[in-house]
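Heads up, the thing below is written out as structure tokens.
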2 protein chains.
Amino acid sequence: MTELLSDTGRKTMLEPLFKAGWAMAEGRDAITKTFDFDDFTGAFAFMTRCALWAEKWGHHPEWNNVYNRVQVTLSTHDVGGLSAQDAKLARKMDQLAE
Amino acid sequence: MTELLSDTGRKTMLEPLFKAGWAMAEGRDAITKTFDFDDFTGAFAFMTRCALWAEKWGHHPEWNNVYNRVQVTLSTHDVGGLSAQDAKLARKMDQLAE
């Protein structure tokens with residue numbers, strides 16, 4: 001069952017993400033990161049790879065794309081904040097962006 | 001050469017788009033529309049089709065996706081506002097969303 005991250009979960013799951021460039025979103029229990037690519041095809045290729053994992057895991061990002069830039073926000077609607085699913089998808093997105 | 005839409009161009013190109021659900025973006029010389037689909041796969045399939053045309057035409061949308069919803073904003077960076085390329089891409093996106 002999906003649940004809000006506990007204090008321990010936040011420490012173990014979020015701190016490595018903060019070191020990797022993720023940050024808390026302003027005014028929300030959500031994490032956000034901006035990914036920059038060489039051009040639109042790079043950005044959209046990244047989004048496509050992420051989309052397949054998001055759909056497979058049933059957990060989808062909020063994201064915005066302008067040309068070579070993709071800004072992602074992750075939060076879990078069902079629990080009204082961050083869950084382990086967000087940390088998992090964030091790690092996957094970092095891996096897919098490499 | 002790409003140039004800002006003239007008054008005549010705005011009348012002929014934008015008015016049909018306004019009838020199709022496009023609107024002027026707040027505080028910018030840009031047009032915006034929100035497209036809703038059944039689910040994430042519908043939304044991302046639409047984005048993928050649009051991405052191929054955008055890349056082919058060298059003219060890219062600003063867009064935001066949250067699950068089944070895609071919010072699009074079109075404007076032409078090079079001219080600092082709306083050009084015929086935005087109207088062309090808007091019409092194509094309407095067609096691809098059908």
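Both backbone and side-chain heavy atoms feed into the values below; hydrogens, waters and symmetry mates do not. Below, chains carry the letters A, B, ... as their sequence lines are ordered, and counting in each starts from 1.
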ask   = Of the listed residues (B:N65, B:V70, B:V66), which shares the most heavy-atom pairs with chain A below a 4.5 Å separation?
value = B:N65
key: A:N68 and A:F40, any side-chain heavy atoms less than 4.5 Å apart   = no
Connected via hydrophobic side-chain network under 4.5 Å: A:L74 and A:V79 = no
query = Do B:D39 and B:T41 have side-chain atoms, one donor and one acceptor, less than 3.5 Å apart?
reply = yes
key: Shortest non-hydrogen separation from B:P61 to B:V72 and the atoms involved   = CB-CG1, 4.1 Å
key: Inter-chain contacts: residues 82-98 of chain B against chain A, heavy atoms under 4.5 Å   = none
Neighbourhood of chain A inside residues 42-54 of chain B, taking heavy atoms under 4.5 Å as contact = B:F44, B:M47, B:T48, B:A51
inquiry  = Non-hydrogen contacts under 4.5 angstrom with chain A: give the residues of residues 2-28 of chain B involved, or none if there are none.
reply    = none
key: 4.5 Å side-chain heavy-atom contact, A:Q71 and A:T32   = yes
key: Counterpart residues, salt bridge (Lys or Arg N to Asp or Glu O under 4.0 Å), relative to A:R69 (two or more places apart)   = A:D36
